[in-house]
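The sequence lines fix the lettering, A, B, ..., with proteins before strands; numbering per chain opens at 1. FYI, side chains are in, hydrogens and waters are out, and symmetry mates aren't considered; it's all heavy atoms of this structure.
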Number of protein chains: 2
Amino acid sequence: MASADRTVDSADRGPTLKDVARLAEVSRATASRAFADHSSIAAATRMRVLDAARMLGYTLNQPARSLKSGRIGLVGVVLPDLRDPFYAHIAAGIDEVLQDQGFAMIMIMGRGGDQVAAIERLRSHRVGSVIVAPTSTAIISAIRAAKLVAVHVHTTHHSLVSDCVTGYDYEVVRGIAAELITLGHKRLALLLRSPETSATRGRAAGFLSAIDAAPSTVSGRLVAPHTDPRITSWLPHLDGASAVIAGDAGITSRLLQEARNRGVCVPRDLSVVSLGDLDWMTAFDPPISAVDLHPHAMGRHAAETLVARLRGDAPAPPVEIRVLPTVNRRGSIAPFRES
Amino acid sequence: MASADRTVDSADRGPTLKDVARLAEVSRATASRAFADHSSIAAATRMRVLDAARMLGYTLNQPARSLKSGRIGLVGVVLPDLRDPFYAHIAAGIDEVLQDQGFAMIMIMGRGGDQVAAIERLRSHRVGSVIVAPTSTAIISAIRAAKLVAVHVHTTHHSLVSDCVTGYDYEVVRGIAAELITLGHKRLALLLRSPETSATRGRAAGFLSAIDAAPSTVSGRLVAPHTDPRITSWLPHLDGASAVIAGDAGITSRLLQEARNRGVCVPRDLSVVSLGDLDWMTAFDPPISAVDLHPHAMGRHAAETLVARLRGDAPAPPVEIRVLPTVNRRGSIAPFRES
DNA sequence: CTGTTAGCGCCTTCAT
DNA sequence: ATGAAGGCGCTAACAG
């Protein structure tokens, strides 16, 4: 009955620049200039064109425009998993800036080999730039091959010639470990889950550096199974440690869960510090000490850097922006006591 | 020094179909068919073309393709905030399916008026379809005006003629409220934060329905401030309730934090149920009772529905897919006791 | 099954 | 400051 008004011909693709030009009584070239060129067009003419466009509900056809110009106003974002709040916050930061700057983002989740496939997909959409985490040799060469302008977030790489936004993984972990040692802890553990990146390497190095700087009665254990994160149980790997640094919020919650189930009391039996700070951590009893890595700010910086790079014509040298973490000391750490 | 090898002419846009066709010694049309058309091309020819493409490192130019065909292999995703794990999980589910099906997603965060702006932006990229949450009259008419194929997630709308994926907000809240009443609670509260949607309305209705069905000694309080979520304090609004249903994980953690700070003991003084189940809830002491709304599955269903709609030629009637929630009863609920 | 022909909507010289 | 013409890379009719 009401199906009559359904447009059979799906080629109804809305008004084009030609329509706008006709209504504004100018040539297509002039109409085009009204949208892009900011110089060689009379203000009055441009206004007329813009009015006509509004009247018709015209929208620039970005794909068509990209055909000629190459530019497309689209930025690729390749992140491993949005279910990890760390990356979700990065994504949110990126989105904020990109929207402000008039870009849209093609988001693709993937790690390892998928990352390379993602780059390939971006290439097919003629995306000219990408924000990516984490970094690896594979992704770097894929990006280079695709000639993309890239910004790397959270991790960097020795062979990297692009801009990147990182943290202070080495420093912060070393500092925390030192703090725990000062509190009298003799056996520490660092729990890591991600694949090997500059971040995990930095954390491991910082951890070991703190251990090395301490008396030989202090030992540190590095737990970094590169296996399926979902079946990992952390507690058995602690090896009697009385203080532990958890590599991300997921590890922290899993660890706390195990501790509760097995009657391990935090902080009496175990001091805990989380790398990554979330709302629920302050709700916990005891409140969990956590390092805020400021992933949202990282995302913002990454996007800002990328946009600057896209707009800037002068080939400036790559920069590394480092975001200072905030250490929030709360109840989950305590001086060591013999049990 | 090393700047000599920098390509001055940025028009270096890689191999085109024409190059592939030449190498494979076929016409451009045939080469094109090798990628799209699955029927009218000889297997041997297609293989030859594909080989040539691989040899040249050729990638389909989606924007150019869209110029003629209208299709572009891009789906818009408009979600309010990825920092909310509920939406992050939806996004993850969507991404999984879309990648499998060869689509990429343009993700734009936004709520309220921003949603409409997002639709406009998608339109300029000639995206033909969108997955969106939450629903509102404004977004519905924007989608209709842009003639997009849409799937709505989590919420519906009476004026909706598109597909949607929803939950059982009414039923689940009613059931939980009834359960709490059975446990002897006389004063309940439902905490909601989102704007008015079918989901929040359903929850409110389910809540009130359970209260109505109970003896008149039972009262329920609906707390739904549509103000800035970040400065909201929930505890003062509880009005002496001994059992509370928290509308999302963020509310839950904030509430638990306040409870701890003010010496309110869960579940002795306050029974808590969270709408939305996250890892950390089982780590809590007591473990938090929570309803898993399965946002990841919702995302998957939404994407699957959309893809089916895009592929299907027959204009099938819109469907509503409802995802059954899972109620995980844990230690944060207890029978009512006089204090 | 394959080639030919004509644009899709836009931008960019080159004139004027 | 504006118009005319050609082509970006691809696909959809139509022939053959």
Side-chain angles (χ1 to χ4, degrees), chain A residues 8-50 52-53 56-74 123-128, chain B residues 9-50 52-53 56-74 123-128 313:
Chain A
V8 176
D9 183 9
S10 70
D12 176 17
R13 284 198 259 142
T16 75
L17 238 204
K18 187 156 77 173
D19 302 323
V20 175
R22 195 181 310 143
L23 207 167
E25 296 178 300
V26 296
S27 73
R28 281 153 11 156
T30 305
S32 170
R33 279 189 269 259
F35 288 95
D37 223 78
H38 281 239
S39 55
S40 56
I41 184 167
T45 313
R46 125 165 304 155
M47 196 65 86
R48 199 143 43 84
V49 173
L50 262 31
L56 293 171
Y58 168 78
T59 316
L60 259 173
N61 186 330
Q62 295 287 0
R65 148 181 279 202
S66 84
L67 244 193
K68 223 44 259 189
S69 68
R71 290 170 261 114
I72 196 175
L74 230 36
R123 205 158 88 89
S124 100
H125 287 285
R126 288 310 182 265
V127 170
Chain B
D9 183 10
S10 69
D12 177 15
R13 283 197 259 141
T16 74
L17 238 203
K18 187 156 78 173
D19 302 324
V20 176
R22 194 182 310 141
L23 208 167
E25 297 177 300
V26 295
S27 73
R28 283 155 23 174
T30 304
S32 170
R33 280 189 269 258
F35 287 94
D37 225 78
H38 280 240
S39 55
S40 55
I41 185 167
T45 314
R46 123 166 307 156
M47 196 65 85
R48 198 142 45 84
V49 173
L50 262 31
L56 294 171
Y58 168 78
T59 315
L60 258 173
N61 186 330
Q62 295 285 1
R65 147 181 279 203
S66 83
L67 205 51
K68 189 93 214 176
S69 69
R71 291 168 260 116
I72 196 177
L74 231 37
R123 206 158 88 88
S124 102
H125 287 285
R126 289 310 182 264
V127 170
D313 328 70

Peer 1: Taking atom types as modelled, is there a side-chain donor on Thr59(A) or Arg123(B) under 3.5 Å from an acceptor on the other?
Peer 2: yes
Peer 1: Between Lys68(B) (NZ) and dA6(C) (P), how many Å, whole number?
Peer 2: 12 Å
Peer 1: From Leu67(B) CG over to Leu67(A) CG, what is the distance, rounded to the nearest 0.5 angstrom?
Peer 2: 5.5 Å
Peer 1: Roughly how many Å is it from CZ in Arg65(A) to P in dG9(D), rounded to a whole number?
Peer 2: 18 Å
Peer 1: Do the side chain of Arg48(A) and the main chain of Ala24(A) share a donor and acceptor less than 3.5 angstrom apart?
Peer 2: yes
Peer 1: How close or far is atom C1' of dC14(D) from atom CZ of Arg33(B), stated in whole angstroms?
Peer 2: 11 Å
Peer 1: Please confirm whether the shortest side-chain N or O distance from Ser32(B) to OP1 or OP2 of dC10(D) is below 4.0 Å.
Peer 2: no
Peer 1: OP1 or OP2 of dT2(C) less than 4.0 angstrom from a side-chain nitrogen or oxygen of Thr30(B), does that happen here?
Peer 2: no
Peer 1: Roughly how many Å is it from NZ in Lys18(B) to P in dG3(C), rounded to a whole number?
Peer 2: 16 Å
Peer 1: Think Arg71(B) has a side-chain N or O under 4.0 angstrom from the OP1 or OP2 of dA12(D)?
Peer 2: yes
Peer 1: Within this structure, what is the NZ-OG distance for the pair Lys68(B) and Ser32(B), rounded to the nearest 0.5 Å?
Peer 2: 11.0 Å
Peer 1: Given atom CG of Leu17(B) and atom P of dT11(D), what is their separation to the nearest angstrom?
Peer 2: 6 Å
Peer 1: dG9(C), OP1 or OP2 - any side-chain N/O from Thr16(A) closer than 4.0 Å?
Peer 2: no
Peer 1: Roughly, in whole Å, what's the span from CD in Gln62(A) to C1' in dC8(D)?
Peer 2: 16 Å
Peer 1: For Leu67(B) and for Glu25(B), find the nucleotide of DNA chain C with the closest heavy atom, then tell me which residue's nucleotide is more 5'.
Peer 2: Glu25(B)
Peer 1: Any side-chain N or O of Arg28(B) under 4.0 Å from OP1/OP2 of dC10(D)?
Peer 2: no
Peer 1: Taking any heavy-atom pair under 4.0 Å as a contact, classify Tyr58(A): base, sugar-phosphate, or nothing.
Peer 2: sugar-phosphate
Peer 1: Between Ile72(B) (CD1) and dG9(D) (P), how many Å, whole number?
Peer 2: 16 Å
Peer 1: Contact class for Arg126(A) vs. all strands (heavy atom < 4.0 Å): base, sugar-phosphate, or nothing?
Peer 2: nothing
Peer 1: Considering only heavy atoms from C-beta outward, does the side chain of Leu56(B) approach that of Val20(B) to under 4.5 Å?
Peer 2: yes
Peer 1: Remember a base hit wins even if backbone is also touched, and classify Ser66(A) as base, sugar-phosphate or nothing at under 4.0 Å, heavy atoms.
Peer 2: nothing
Peer 1: Output the rounded distance in Å from CG (Asn61(A)) to C1' (dC11(C)).
Peer 2: 12 Å
